[in-house]
Amino acid sequence: WNIFVNQLGKRELPKLAAYHGGCNFWIPSAGIKETGGFVQANQQFPGMKIHYTVNGSEPNISSPVYLQPFKTKGVVKMKIFDNKGRTGETTGITAN
């Protein structure tokens, strides 16, 4: 499974994004949770980036990129972006 999703996320989906001006495909939402005071996230397809905000606003391409768990309080929102700037749905939690 790991080999399959790695090839899909890093090779095949970028090809689809470029094929004949770009084919539409579903981009999954980020998985997000708070554990031990740290906000953690994951994604289904490697090769895409998770952008986040900590003030409750909608993440965009200029928002910070999630690289590792971090401590914060308040509303955290995350969104996955492909290399063409297309996105999945926004997910969020309220960190305590």
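Just so you know, these numbers use all the heavy atoms, side chains as well, and skip hydrogens, waters and symmetry mates.
- With hydrophobic clusters built from ILVMFWY side chains whose heavy atoms lie under 4.5 angstrom apart, Ile3 does not share a cluster with Leu13.
- Criterion: ILVMFWY side-chain heavy atoms under 4.5 Å apart, direct or through other members. Under it, Val5 and Ile50 are part of a common hydrophobic cluster.
- In this structure, the side chain of His51 does not engage the main chain of Pro59 through any donor-acceptor pair within 3.5 Å.
- Pairs of residues two or more places apart, or lying in two chains, never qualify as salt bridge (charged side-chain N to carboxylate O under 4.0 Å, His left out) while including a residue from residues 36-50.
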*For Thr87 and Ile27, what are the C-alpha separation, side-chain angles and deciding distance, and is it a side chain to side chain contact (heavy atoms under 4.5 Å, CB included)?*
CA-CA 6 Å; Thr87 68; Ile27 298 175; 5.7 Å; no
*Could you walk me through whether Thr94 and Lys73 pass the side chain to side chain contact (heavy atoms under 4.5 Å, CB included) check?*
CA-CA 7 Å; Thr94 301; Lys73 291 185 183 230; over 6 Å; no
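- Contact between Leu8 and Phe45 at its shortest, heavy atoms only, is CD2-CE2, 3.2 Å.
- Between Gln40 and Tyr66 there is a side-chain heavy-atom pair separated by less than 4.5 Å.
- Taking each heavy atom of Ile80 and Pro28 in turn, the nearest pair found is CD1-O, 3.3 Å.
- The side chain to side chain donor-acceptor pair (under 3.5 Å) check on Ser57 picks up Asn55, with sequence neighbours excluded.
- When hydrophobic residues (I, L, V, M, F, W, Y) are linked wherever their side-chain heavy atoms come within less than 4.5 Å, the members clustered with Val65 are Leu67.
- Applying the salt bridge (charged side-chain N to carboxylate O under 4.0 Å, His left out) test to residues at least two apart or on different chains, the pairs with a partner in residues 78-96 are Glu58-Lys79, Asp82-Arg86.
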N/O donor to acceptor pairs below 3.5 angstrom from side-chain atoms of residues 30-37, sequence neighbours left out:
| residue | atom | partner | partner atom | Å |
| --- | --- | --- | --- | --- |
| Glu34 | OE1 | Asn96 | N | 3.2 |
| Glu34 | OE2 | Asn96 | N | 3.3 |

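- With sequence neighbours excluded, the residues satisfying ring-ring contact (aromatic ring centres under 6.0 Å, His included) with Phe70 are Tyr52.
- No side-chain heavy atom of Ser29 sits under 4.5 Å from any side-chain heavy atom of Thr90.
- The cluster map of Ile, Leu, Val, Met, Phe, Trp and Tyr, joined by side-chain heavy atoms under 4.5 Å apart, puts Met78 and Met48 in the same cluster.
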